[in-house]
Structures are given as structure tokens and as C-alpha cells.
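These notes concern the structure reproduced below.
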Amino acid sequence: MAAPVNIIVGSHVWVEDPALAWVDGEVFKISGEEVHVHTTNGKTAVANISKVFPKDTEAPPGGVDDMTKLSYLHEPGVLHNLAMRYELNEIYTYTGNILIAINPFQRLPHLYDTHMMEQYKGAGFGELSPHVFAVADVAYKAMMNEGKSNSILVSGESGAGKTETTKMLMRYLAYLGGRSGVEGRTVEQQVLESNPVLEAFGNAKTVRNNNSSRFGKFVEIQFDKNGRISGAAVRTYLLERSRVCQISNPERNYHCFYLLCAAPPEVREKFKLGDPKSFHYLNQSSCYALDGVDDAQEYLATIRAMDIVGISEEEQEAIFCVVAAILHLGNIEFAKGADVDSSVIKDEKSRFHLNMTAELLKCDIKSLENALIKRVMVTPEEIITRTLDPVAAVGSRDALAKTIYSRLFDWLVDKINFSIGQDPNSKQLIGVLDIYGFESFKLNSFEQFCINFTNEKLQQHFNQHVFKMEQEEYTKEEINWSYIEFVDNQDVLDLIEKKPGGIIALLDEACMFPKSTHETFAQKLFQTFKNNKRFIKPKLSRTSFTISHYAGEVTYLADLFLDKNKDYVVAEHQDLLTASKCSFVASLFPPPAEESSKSSKFSSIGSRFKLQLQSLMETLNSTEPHYIRCVKPNNVLKPAIFENASIIQQLRCGGVLEAIRISCAGYPTRRTFYEFLHRFGVLAPEILAGNHDDKVACQMILDKMGLKGYQIGKTKIFLRAGQMAELDARRAEVLGNAARTIQRQIRTYIARKEFIELRKAAIMLQSHWRGILACKLYEQLRREAAALKIQKNFRRHIARESYLTVRQSAITLQTGLRAMTARNEFRFRKQTKAAIIIQAAFRCHVAYSYYKSLQKAALTTQCGWRRRVARRELRKLKMAARETGALKEAKDKLEKRVEELTWRLQLEKRLRTDLEEEKAQEIAKLHDALHAVQIQVEEANARVIKEQEAARKAIEEAPPVIKETPVIVEDIEKVNSLAAEVENLKASLLSETKAAEEARNACTDAETRNAELVKKLEESERKVDQLQESVQRLEEKLANSESEIQVLRQQSLAISPTGKSLTARQRTMILPRTPENGNVLNGETKDTTLALSNVREPESEEKPQKYLNEKQQDLLIKCISQNLGFSGSKPIAACVVYKCLLHWRSFEVERTTVFDRIIQTIASAIEVQDNNDVLAYWLSNSSTLLLLLQHTLKASGAASLTPQRRRATSASLFGRMSQGLRASPQSAGLSFLSGRGLSRLDDLRQVEAKYPALLFKQQLTAFLEKIYGMIRDNLKKEISPLLGLCIQVPRTSRASLVKGRSQSNAVAQQALIAHWQSIVKSLDRYLKIMKSNHVPPFLVRKVFTQIFSFINVQLFNSLLLRRECCSFSNGEYVKAGLAELEQWCSEATEEYAGSAWDELKHIRQAVGFLVIHQKPKKSLNEITKELCPVLSIQQLYRISTMYWDDKYGTHSVSSDVIAKMRVMMTEDSNNAVSSSFLLDDDSSIPFTVDDISKSLQQVDITDIDPLSLIRENSGFGFLLPRSE
């Protein structure tokens, strides 16, 4: 990272912060070399200008997926980019071809499901979002294309997710390779199942991690020549052997020791184990247990893992015997012996542990003791046995413990490899290396020295790879890179491993001298490397030394280096354990070669470590490497926490910053010509306005800026470190000048606006003052006018007073005169009124007298008239009496109607028991009403008779009117009484009439209710009939299916080795038609004996058909192999085939070849898969033929299942005809067919099909589905390349950067939409082909529905996987293309397009979200309920976090909405809800045969005109249309 340049006041920069590592801010002051910065956290920081780095203010808010795209490639820029992406759950980021994976500490299943694997399979590296699958895919493709093995190096701290990353790599490789392992377990599963065993014996607690791997693991996934997984192996490297004997506080030894001490009591008693504190190899540290880990449960889990791996119980017991023996071995202590430099077992406790060790290892106790305290030296003259002092004996004991444990670990690895299964013939492999990362603690010892040495080696390999990638990039762009210096760490490696002067060599030398101590070793190092810049001597320590590694300086304590490095290969130990009675222990120590020396050999762990590391590097160098750097974001292991300081340290230890340093040594900033012009075109607008090529324009801009040292490649510009900042500074200056110009204009505008407002205010003030003067003048004039008005009114008042006095006098005079006149008038009127009253009284007397005389005459006239009226009423009563008989007849009819209703109700009662009670109540009510009516009618009759008699008597008794006039008063009374009686009779008759009317109304209501009940009953009967018909159809389908299954089962039996006898037996038992199954031979009823005697009859039935139809079949096949075309919309070939097969009765024979020949003809016709015309032609024919077969064929025995269901059809004409046909099929079938009985599809008679016909139907169904799939897939293949161009808008030319190019933009837009128009043309062409071949609209709709679903899936998945597609302008581009598809759907009409447009709902809503404005103002409810109701919360979160506005620079949704989405996603993951955000393409067949038969129209096969070739043949006369 070069020193920054062009840091000025106002620059946005990064400065160091003790808590946050780096913090951004703005420079407000520069004092010489010091920069003063206002940070975003509200503080003020002062830093040296060399430690301040520029910040890219135009970086996208979601970060970049490849950090080589960063404008400023430095440490704070990398950290900030990772933090922004981690906040959005984007855990993967590229640095070139290096993948950085940050552990999310939460489940993200949508990142690793099968959909995601399908997307990354075959995709170019960098084409999709960063992912571990992309690295695995690159490795696999490189292996297949180049034939060279590849390796993937996964590194990082414990807890960074290395194991999970390795698991995902193996899952993806298993997906590509695709071989399942033993017992259905994949290779990935088998390798992962071995992890608990390796962790128990190879992992331990360190200062930073409770489960740190203390060995390197290289998993080899082996492939055969076809790219299929053929095997796997686990190679382990660099096991930390010294940890068995020496551990430091607060670390622990290997887990297996603690697990065994926590085993069940019977196990501990067996091995004589107790508390871990009682064992020397464990109590060197005060840490015995891990937080949150139960060693007893872990012991059981390890046992289960051993069972899964395939380690038997005997082997498990032997393994734990060895582990317990090592613990007991560590407790053996030694004391000085009687002789000089001799030693003996210290005490009884040590003796007990010695005995236990010998017992567990099943070796001789004395031999074990001698192997520990004695050595045999072989000289040319003799063999000398010498004793060891206690210190040497302890070294011998520890060497034995380390050797046993190392051999045990190697055996476990070999066992695991045997369980997984290796392929010795594999020539290609992909290796995944999982090894411990760089370590730097407060106190560092020999283990950290070896680990960091390993990481230095791997870092050199990594640096070479990075530099090689840089070289490839420069070479590809054809730029000169010869002078770029390679950053190397070879000097550190020389310091550690060089012979003879390296640290390891000096350590081995010190170990071989008995009197060497750690102090002498440290002094030797100080003397040897005092001038080495990588070696530093601490000031306050005599036994510590510091090495400057690539990741920083690490200080090592040399106190235990000598002890931990010593490792003896003792011959006595070898002999002792080879002679063990335990076969397992003896197998760990096979007999050595004969030439090996019998004496002890010194072997250092450091040297062995170096050799193993060399072997590992040779393996890696033989493969093509790929790197994954795993990062642990925090130490509390929780999601959404990003600790900057910890991550910076991990990036340094992982070599990521070193890779950045290598990039900075060359050209750290790379920009395409378009990006460069887009960003820096403002520096030279005149160049943009000119007609220059992009490359030339970039060259001219750089020359104008005076930059040196840059390179221009074929597609990119390469800038040296600092040049981007210089260009940004120039750009900021240009933009600043432009801003100042804008500010100047704005200030001018504001000043003028203020002046205008001031002038306006002055004018307003003047107008107000003039208004005040005018008001004063007006007031004076008003006062003068008021004085004049007062004078006028006073004068008027005086004049009026005098006038009123004169007027009052006149009125008084007039009043007196008028009073006198009124009194005279009153007196006259009073006299006149009196005269009028007298006249009125007299006239009243005269009128009254005349009235009385008229009244007497009127009474006489009324009596005569009333008598006449009474007689008339009498006649009416007599007529009413006669009408009573009519009422009785109505009553009888009602009774009959009631009886009829009663009968129908009883019938309804039998049909519907649930209506019985209601009907009974209605009948009872009707009876009661009728009874009441009868009673009322009888009473009315009796009353009428009485009234008639009384009337007759009254008439007889009444004297004639003319007889005597003197008794007129008595006659009038009688007439009045008779009239009253008549009135009474009228009233009673009226009441009786009302009662009869009420009874009639009640009867009418009852009839209405009865009619409703009858209607309900009819509806119920109709529903019952419908249900019976549907049950009948289902039973027939079931019978057909059962018969087809039975026939297929018989066919499969016939194909068996004993097929001949089975076939013969089946033919004798199946072919005869007997009365029992409803099919009678030749239409006649025959007994069973006759049927059995005619067993051979079917053969005679088949023979004539075979010889008769063979030539006709040839002619038919020859005919249908041509394109017969269509008659109207009916395919001729299908209709001809169907009529021929029906006429020949091919459906009812047991053996025929015609079906196979038809199928072969169709198969040969569709062999050319690209000829969509032929495919559409046969799709139409096969669907029509299948429809005819579906309505014609039924399996044998289906009719006998439902004999009662055919009653309804038998009653009709067609039912009787079909019954006749079934009774005599041979006699009636041909005559019926030749008589043009097949007029419609409904009229097709059903035929009991045999096996060949059923098989033909199944084959035809399969061909229909195949042809449909071929047409659909051909269209998919045609539009698939176009969809890749349609999802992302191509970058416009440089002309669009210049204003005033509207015409060029219009042309560009027209060119952009061309891809969508190509898709529309393809859809049009396919629609035209299918229409011309009369493919049923149902199938056309299905094709386009699936095609639009495919478009939806491809566009939507690409949108979610490519961040550059989630932009505003891209949304507008895709929206315009979707409008083209919508226009096509409307033009194609719903008959053919169907619901295809609805299939695009995902991409339509996603695009709608991209192009809406003011996204930050949208709430989550509005987004999920109104804008995008179809999209899942995972899909919305993905789009929201990937969105960037390249047109207006607006932001995505608010942070609150993002947080709510994240909470909902967490809840979904906890509830086991599928969280995949990708869609799956459905390539299944979306219809069944029943769907076709229901959706297709009826086919009229009568008026089909066959080909002339057939028409001329007399054998096909039945095909010719006949006149009526």
C-alpha cells in the first residue's frame, strides 16, 4: 500500500483507530506531515499523512464482489468492503481468484441448496455472485479440460468455518461427480463422518480455540477419466507430536485423553483411570474441562463415530488401551540408581503405572522397564548395554509415548481411508487442504514456531500463485510487466530451514549435545542471525527471539524448544512393541528392515516436520491451486457482529493483505474503458465530444493529465498505486470548479432576487404613505359634507313640524263629519234586517207543509218497492241453494286430489326417508283443513235449507198487497222483518263463502308446497343419477386400469424363461369367451364344455385376419408415412388409422403387428428433432388418435363390473343398438359401421381391448408426451441464449455520455430491444407452425405456459445471482422487454396463450420493485402486500440488498425494512421453512390423457376423404364416404 498522494482539505480519508482499526472522516486541516480529520464517530484524529488513505466516496453502498474492482486497494478499503457485504449477509467476496468467506454464524440454507448448485454448474468464474461453489466448479473444469489435478486450500482460524466450507466443497464436487458411496452414503458423507474420530485424536484446546486442529488434513476426491467420483482419501500432515508430552497453561492435551477419563465407570475401572489431574501428561495445565462441552457425551459420540467408520469393538478397545497406556506411561517417574548415570523406578506408584502400561500394551513388564532405563550400543567388537540417568530415562519415556500416539493416529487415518474406499487407478483428483492457520499468542513456543513455519511455506506458494495470476492478467491484456518486482518471503524460509545455518538445523545440533540448554541455544541464534533483518533480539529477555513473519512479528520463548524437539527412534521400543501379545499394538510396530541399526537414532520433530511439509508442498505443487480464506468475524461466535481488529489480524495471517501488497506492486487499479470514461470523462469533455475510439479517448485523457507509468491493455486501463487518487483529485478539482460556477450563478440569482424584493418593498411603502395622505384629505372633505347635511336636516325638521300641525287640524274635522254619516247608515241597515227575518219565517212554514205531504207519498212507494226487492232476493237464495251441489263436487275433487297427494307423498316417503315427517305433517294439516271445510259446508247447507223454508213460509203467509190497504202498516213491518232475515241470510252466506274461499286457498297452498317438494325430489333424483354416472365412470376406469395391469403382468410372465408354457396356458385360459364373463362366442350362448372344446378357435380367428390384412397394412403404413394433411381441422392420418383398426377389429385380437408398425412409423418420422413442422404434424395426429382410442377402448371385464349402471342407456334407441351390437358383434358390427353409425365422438362404440391395443395406447401416450417435450425443449434451446442477453442491459456506447445524442440513444434503444423481439419472433414462428398443423389449442396453451415459466425462472434467477442486473436502468430495460411479451400474449389471444402471461409474475414484480421511486419511504407491509406479494422474504431481501441505482443515485429500502426482513428470515430458518430464493424450472409433462379427452373437441371421422392410393383399393371401401 503506497503512501497516499493528493490528500487535501475536504478529502474523505481513512485513519487508524485503536478500537475500530480504521475509521473514515474528512480532512479539515493539514499541518506539514500531520493531517487533522473529523471522523464519522464524532471525534477528531491527527495522523501522519503516510498513514492516511483516501476513501472512495462513489463506492456502491453494498460493496463490490471482487475487491480488485476497488478504486483504492488498501487495508481500510478491503475491511470496509467486507463489512458492508457482511451486513447484507453476503459472506463471500473475491480478491481476484481468491475467495474470502466470513462465517455468518447462522444458517443460510438458500446458499447451498440444489438450485444454487445448478446455477453455478458450468458458469464462468466471476459471472455470478462469489460462492464456494464457483471455486469448486473452476477446479473441476480445470481438471476435466487440462487433465491436471487441482487443489483447494482452505485456511483460517478455528471457528472461521473451514470445516463447513470443506463440507460444501465436497458436496458440490459430489454433485458434479455424482457417484454414491457404500450403502447409499456419498463420499462427502463418509469423509465428514470421519471428522469426529480425527477431531478426538487430532484436536486440542489452544489459547484461542477450544477445538483447534493440531494437524493438517488433505482430502483427496478422486475422479475417473469420465469425471465421475471414483474414490477418496484423507491425508494427514504435521501432527503436533510434542503436545502428547508437553502442554502449556491454559491449553489442553488431545481430546481423547479427557474423553477416556470421562468414560463410564466400568471403562475407567478397566483401564485404572481416574481424574485427569492425576496424570502427568494432563496436569501440566490447569485446564481440564471445556465450557459447554460434556466429555462423557463426547466419549459416546466418538464411539458412535468409530462404529460408523467401521472400527470394530475389539479395535476400539485396543485403541483405548493404547490411549490409557500412554497416560499411565506418563506417570512413570525415575530416581537415581546405585551406579553412576543409572536410574530406577522411583516408587511403588510409578511401579503400579509401569505394570498397568505393560498390562495394557500386553508386553513383558521387565522388558518395558529395560526399554525405558537402558540402551544397547552395537560396536564392531561387542554389544554394550548401558543405563540411562533419570533425565535421559524421562526423555526415553516421552519418546515412547509420542511414537505410540503418532503410530495410533496414522492407523486411524489408514482405517478411515479404507472405509471410504480409494481408487488406485485414479489419475485425476481435487484435493481440499484444511490446515491450521498462523498463530501469534502472548506466549509462543515450539508448536507456534512449527505452525508459522508451515504457514510461511504456504504463503510463499500463495504469493507465487497470486503473482502468477497477476502475470496472466497482464499477459492477457498484452501489457509490459517485466519490471514489476516479485514480493517474496524466501528470506524468512531461509532463516528457518536453510542448511546448515537455519534455526531448525541449529536446534537439531543443540539437541544432539547433552549439555546444551535453552540459553546456549538462544545465544547461538543471536550470534548467527544478528545481521538478519527478519530476526530480532528482544531487549528484556535472554531466551526469547522474534521473527518478522509475513503476518507480523512473533516472539518465541526458547525455554522448551530443546525438550519439545527431541524425538528418539529407539530400537528397544520397537522390539518391545513388536513382540506385544496384542495384535493391534504389534500391527502398529511392524518389524523393521534387516539393515536397520540396532542402536538408538536421534530424530528431531523439527526435521520430521520439515520433511512432511516438503511432502505436502510437493503434492500442492503438482496440482493447480485455488484458495479460500475463512474469516471469523467475532470471538463471541454470534451473527451480525463484525470486529474490525480481529478481522484485520486474520486477513494479515491469511495472506490476503500480502496478496494486496503484491497487487499494489504492479497495477492495483484496473478499469474497463467504459468505466474509466464514465468516471473521468469530465476531465476532458472535448475528447468525449470528438469521434474517438474508447481506447484512444482514455489514452488522450491520461496524456492530458500527465500521468506516467500506466498501461493500456486490450480492454482495461492499468494504473499504478496512487494514480487513481491523483485522477480523483483532478476530478474533484474539476467538479469543484464546476460547483463554484454553479454556486456563483446561484448567488447571483439570490442577490437579484433579494434586490427585486427590496424594490418591491419600497414601492409598497410609498404606496402606503400616499394612501395615508389621501385618507386625511378624504376625512376633511367628509367633515364638510357632514356639516352641510346637518344644516339641511335641521331646516327640513322645522318645515315638517309646521306641516304636521296643519294636517292634524284637518283630520279632526274630517273625523266628526264621517261619524255622523256612519250613524245614519247603521240605522237604515237595522230596519232592513228585521224585514228579512219575518219573510224567512213565513216561507219556512210553507215549505214544511209541502214536505210533509211528499214524505207520506214516498213511504207508500217504498213499501211497494221493498216487497218487490224481497221477492227478487228470495229467487237469488233459491239459486244459491242449488249452487251447494257444485261445492260438493269441488269437495269431491279436492278429496281425490288429497288422495293423489297422499299417494305421491307415500311414494316420496319411500324415496326420501328424511322428508317423511314433514310430508306426514303436511298431509295431516290438509286432512284437518278439509274436515273443517266439510263441516262448514254442511252447516251452510243446513242453514240455507232452513232459511229457504222460513222464506217460503213467510211468502205464503204474507197477504197480497192489493187485497187490503187499511193494514199497510202491518205489511210494512212484515216486509221489514223479511228484509232483515234476508240480510241475515246474506251475511251467513257471505261468511260461508269466505270459509270456502279460505279452504280453497289452503288447498292451493298445499298444492304449491307439494309442487316444491316434487321439484326437490326431482333435483335429488337428478343428483343421484349424476353421482351414479360418475361412480360408473370411475368403476370403468378402475376396471380398465386393473385389466391393463393384469394384461401387463401376464405379458411379463410370458417373457420369463418359462414363457412358452405360460403363454400356452394363458392362451387356453384367456382367449375363450364364456357366458360367465358376459362375452359369448359368435353371439350365441354355449355351455362350458363347448367353450373348452373350442380352445383353438382364436387361432382360426386370427389367421384369416392376418393373411387378409397384411397387404392392407402395408398400404396403410405406406400411406401414413406421407404427410396426408388435414380435412378441415381434422388430421387425416389419425382418422384413417382409427377407422382401419376399428374395421379390422385389431383392438380385439390377442396378437397383431399393425400397432408396432404404426409406432415405428411415428418414431422414424420424429427422429429429426429439429424439424418442428414434422413434430407439430405428429403432435396433432397422435393427440387426435389418442382421443379416439380413449373414447373407444376399454379393458376386458370392465362391462361386467357395473351391469346395473347401463339401465338408463338401454332404454334409448342408441342403448338398444349398442346392446344389440354387444350381443352379436360379428354380425352387427360391420353393418353398423358401414351404415355410417359413427357420426360423432359420442357415438363411438366401446370395444373391449386386448393387450396389444392397450399397449398401443400406452405407447401412443408416451410418443405424445415425447413430441410435446421435444417441441417445448426446442423452443427453450432457441430462446435460452437470448435470455442471457435480455437480463442485463448492454452498456451503451460512449456517445451516450455526451449530451445531445438523442438520435443515437434512440438507435441504441432500438438495438437493445432487438433481443426481446427475437424471442417474440421465435414465439410467433412456433405458434404459426402449431396453428398450421391444427395442434389442439389445449396443447398449445400448455407449451407457451411452460415456456413463459421457463423465461420467468431464467430471468428471475439471473437477477438474484448477478448484482449488476439489480440496477434501475436494468429494471427499465427488462420492463420494456416484458411489455413486448405482453403484447405478444394479447395478439396470440387467450385461446393459444392462455395464462402464459401470469407465469411471469416473479420477474414482473421484481422488475417493478427495481423501477419504483422513493424506495426508502416504502414500508415492509407495502412491499410484501402491494408491490411484491408473490416474492418470498428471502427473495425480497436479496433484491433489496443487491439493488443499486445507476441512473439517479437513489438508495434501496430503509435500514429498518432490511432489519425486519432479516428477523423474518431468521424466524423462517428456525421454523425449518425453505429459504431458497431461486426458482425451479418445471420440465414435467403438465397434462394427462384424461385432460386431453376432456379439453379436446369432438372429432367427426365420417367425412374424411382418404388418399387416392387408398381410394383405388377395394379393400378400403369402408373408408369412402357414402350418400345417405
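Basis for what follows: all heavy atoms, side chains included, without hydrogens, waters or symmetry-related copies. Predicted, not measured: the structure shown is a model, and the values here were computed from it.
Counted by atom type alone, Asn452 and Tyr556 present one or more donor-acceptor pairs between their side chains at under 3.5 Å. For Ser396 and His573, the side-chain atoms include at least one donor-acceptor pair closer than 3.5 Å. Side-chain N/O atoms of Thr387 and Ser342 include no donor and acceptor closer than 3.5 Å. With 3.5 Å as the limit, one finds a donor-acceptor pair spanning the side chains of Asn195 and Lys217. Under 3.5 Å, the side chains of Asp275 and Tyr288 contain no donor-acceptor pair of N or O atoms. Inspection of the Asp575 and Thr578 side chains reveals no N or O donor paired with an N or O acceptor under 3.5 Å.
Listed by chain and residue number, nothing satisfies the salt bridge (charged side-chain N to carboxylate O under 4.0 Å, His left out) test with Lys524 (two or more places apart in sequence, or in another chain).
Checked for salt-bridge contact, Arg243 and Glu251 meet the test: a charged N lies under 4.0 Å from a carboxylate O.
More than 12 heavy atoms of other shown residues, nucleotides or ligands fall within 6.0 angstrom of atom CD in Glu266. Counting non-hydrogen atoms of other residues, nucleotides and ligands closer than 6.0 Å to NZ of Lys415 gives a total above 12. By the 6.0 Å contact criterion, CD on Gln316 is enclosed, its count of non-hydrogen atoms from other residues, nucleotides or ligands being greater than 12.
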Given Glu497 and Lys457, is the salt bridge (Lys or Arg N to Asp or Glu O under 4.0 Å) satisfied, shown in steps? CA-CA 10 Å; Glu497 67 173 348; Lys457 271 283 190 185; 3.1 Å; yes

Show your working on ring pair (Phe, Tyr, Trp, His ring centres under 6.0 Å) between Phe320 and Tyr299 and close with a plain yes or no. CA-CA 11 Å; Phe320 287 115; Tyr299 171 79; 5.5 Å; yes

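Partner of Phe215 under the ring pair (Phe, Tyr, Trp, His ring centres under 6.0 Å) criterion, out of Tyr405, Tyr254, Phe201, Phe409: Phe409 alone.
Sorted by first and then second residue, the salt bridge (Lys or Arg N to Asp or Glu O under 4.0 Å) pairs involving residues 280-301 (not counting sequence neighbours) are Arg252-Asp295.
Aromatic ring centres of Tyr258 and Phe279: separated by at least 6.0 Å.
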